[in-house]
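Following: one structure in structure tokens, then a few remarks.
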Amino acid sequence: MPRAHGLSYRAGHEVELLQGSTEFFPALIAGMDAARHSIWLETYIFDFTGSAQDVAQALARAALRGVSVRVVVDGVGTDTIPTLWRQRWQAAGVQWRVFSPLGPGGLLIPNRWRRLHRKLCVLDGERLFCGGINVLDDWYDPHHGVLRQPRFDLAVSLSGPVVAEAMDTMSRLWWRLEAAQAIRSRRLPRALEDWRQALPAPASGTLRNGPQGLRAALVLRDNLRHRARIEKAYLRAIGAAREEVLIANAYFLPGRKLRRALVMAAQRGVRVQLLLQGRYESFMQHHAARPVYGPLLAAGVEIHEYEPSFLHAKVAVVDGCWSTVGSSNLDPLSLLLAREANVVIDDREFAAGLRSALHAAMRQAGRPVQPELLARRSWHLRVLDRVAFGLMRLALWLTGYRY
């Protein structure tokens with residue numbers, strides 16, 4: 001099996017880049033309406049406002065015609081499912097589970113910071129949707145209401161050998177959640193059977209590459225065997241870069257290794273461009289990232305902040321060939337604590353399309369960060385930056401990680 005940048009690629013994929021819910025939802029809904037036997041969906045946020053309701057309706061339609069529909073949402077990202085939709089889904093036969101509900105104490109308990117942040121959907125075991133887009137209308141935010149400009153986000157629709165890998169990891173998570181529920185209900189025989197379902201299936205031979213199509217790999221991050229896979233994929237690609245590193249990321253607070261890789265790439269003549277969140281969303285998101293800007297700018301890294309609306313994309317292009325689209329931000333929560341999923345694609349044509357979309361966003365909506373202006377920020381803002389950065393490090397220490 002071909003390997004590059006430490007990943008095992010499989011050939012035989014067809015991939016389509018989707019920008020925002022205006023492209024993502026119609027493609028997803030069309031796939032759901034055509035599904036014959038199964039729909040598996042995982043998302044951090046499942047909202048029921050605006051066009052997101054169309055996805056909820058598509059799931060209900062599929063279940064009513066006999067398709068097995070299983071949905072997993074995160075217990076923080078999706079606080080509650082509205083009563084009306086709970087009733088509709090239950091009547092239609094949609095099955096859903098909540099990953100790690102908060103319970104008493106909420107997020108004050110560090111162990112509960114491990115979240116389900118993947119955005120995956122597999123239809124009939126044949127098509128995979130993967131990216132950063134939640135089931136959330138681009139023009140709406142649960143905390144900020146109606147937006148003046150749409151959120152900037154990206155996903156891919158993909159067919160080929162990696163779809164089976166996605167379906168396998170989603171089904172195993174589902175059966176683990178089923179087993180946990182059976183244990184809470186003291187149904188131990190049922191729990192044992194569910195745990196058996198959650199075990200990896202015995203290998204039935206090597207998954208074959210498709211006869212034609214581009215090369216791709218599914219990169220998953222969990223809290224067991226694959227804690228650093230996504231970060232390592234970035235590190236290897238950046239370390240091998242010779243011409244260009246282009247990254248768009250919503251929550252950017254890279255650790256030492258990733259910061260060092262970006263600095264070293266810039267110092268050896270690689271053009272490194274970052275498109276980051278420019279709009280204030282939260283104290284930690286806004287202030288904790290600012291202390292890492294200075295060393296990057298000093299090394300020659302170009303930083304652009306996206307300002308018209310919220311930037312939510314988690315994508316990258318390296319040397320016009322290596323690309324990744326997924327759910328993983330470059331911050332400690334995503335890289336060290338959350339369940340994440342990225343697709344890595346080795347194809348110049350796809351990379352060119354993604355690169356074009358990012359350059360257009362930078363050109364039309366990005367504000368370059370000037371080192372001299374960053375240095376002249378008021379003293380109280382710099383204090384807030386250091387406080388946020390320190391709180392992030394303290395939070396990681398409490399989880400037992402060293403970042």
Side-chain angles (χ1 to χ4, degrees), residues 2-11 13 15-17 19 130-132 152-156 158 162 214-221 228-276 292 295-297 299-304 306 311 313-331 334-335 340-363 366:
R3 295 181 67 87
H5 297 144
L7 295 176
S8 296
Y9 289 92
R10 293 191 173 94
H13 296 89
V15 181
E16 179 185 4
L17 182 66
Q19 183 169 326
C130 176
F152 182 72
D153 211 343
L154 294 157
V156 292
L158 178 145
V162 302
L214 54 79
R215 300 197 310 153
L218 180 66
V219 190
L220 302 168
R221 203 222 73 85
R229 287 192 71 196
I230 292 176
E231 184 178 22
K232 285 180 179 178
Y234 269 97
L235 288 171
R236 286 164 178 155
I238 295 168
R242 293 295 175 263
E243 298 175 3
E244 181 186 58
V245 173
L246 178 58
I247 296 173
N249 210 266
Y251 304 110
F252 182 79
L253 184 54
R256 289 190 184 93
K257 291 180 180 179
L258 198 47
R259 294 199 303 268
R260 185 168 179 266
L262 293 169
V263 166
M264 290 180 67
Q267 289 176 340
R268 66 176 182 267
V270 176
R271 187 179 188 185
V272 181
Q273 296 177 288
L274 307 178
L275 180 61
L276 307 178
V292 309
L296 294 175
L297 291 168
V301 174
E302 303 170 39
I303 301 177
H304 302 256
Y306 187 85
L311 170 75
K314 306 97 166 53
V315 302
V317 180
V318 176
D319 285 350
C321 184
W322 185 96
S323 306
T324 187
V325 178
S327 67
S328 184
N329 290 297
L330 298 179
D331 75 306
S334 282
L335 291 173
E340 304 284 5
N342 277 39
V343 171
V344 175
I345 298 161
D346 180 26
D347 182 77
R348 289 196 174 277
E349 184 177 351
F350 178 85
L354 178 56
R355 183 177 182 271
S356 177
L358 296 181
H359 276 163
M362 276 188 192
R363 186 171 58 252

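Numbering of residues begins at 1 and proceeds along the displayed sequence.
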Compare all side-chain heavy atoms of [X] with those of [Y] and state whether any distance is below 4.5 angstrom.
X	Y	answer
His359	Gln273	yes
Leu214	Asp346	no
Tyr251	Leu253	no
Leu262	Ile247	yes
Val344	Tyr9	yes
Val156	Phe350	yes
Asp331	Asn249	no
Val272	Leu296	no

Where the side chain of Asn342 meets the backbone of Thr324, is there a donor-acceptor pair that is under 3.5 Å apart?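 Not at all, since once roles are kept as given, no pair shorter than 3.5 Å links the two residues.
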
Using a 3.5 Å distance criterion without hydrogens, assess whether the side chain of Asp319 forms a donor-acceptor pair with backbone atoms of Cys321.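 No, the answer is negative, given that no donor and acceptor are paired below the 3.5 Å cut-off.
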
Shortest non-hydrogen separation from [X] to [Y] and the atoms involved:
X	Y	answer
Gly131	Val325	CA-CG1, 4.1 Å
Ser334	Ser327	OG-O, 4.5 Å
Asp153	Gly132	OD2-O, 2.9 Å
Glu244	Val270	N-CG1, 3.6 Å
Ala341	Leu220	CB-CD2, 3.7 Å
Val263	Pro295	CG2-O, 4.2 Å

Does Lys314 pair with Glu340 as a salt bridge, N-O distance under 4.0 Å?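 Judged by the 4.0 Å cut-off on N to carboxylate O distance, Lys314 and Glu340 do not form a salt bridge.
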
Among Leu276, Leu258, Ile230, the one residue meeting side chain to side chain contact (heavy atoms under 4.5 Å, CB included) with Leu330: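 For Leu330, the side chain to side chain contact (heavy atoms under 4.5 Å, CB included) check succeeds only for Leu258.
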
I would like to know whether Leu154 and Leu354 meet side chain to side chain contact (heavy atoms under 4.5 Å, CB included); could you show each step before the answer? CA-CA 9 Å; Leu154 294 157; Leu354 178 56; 3.8 Å; yes

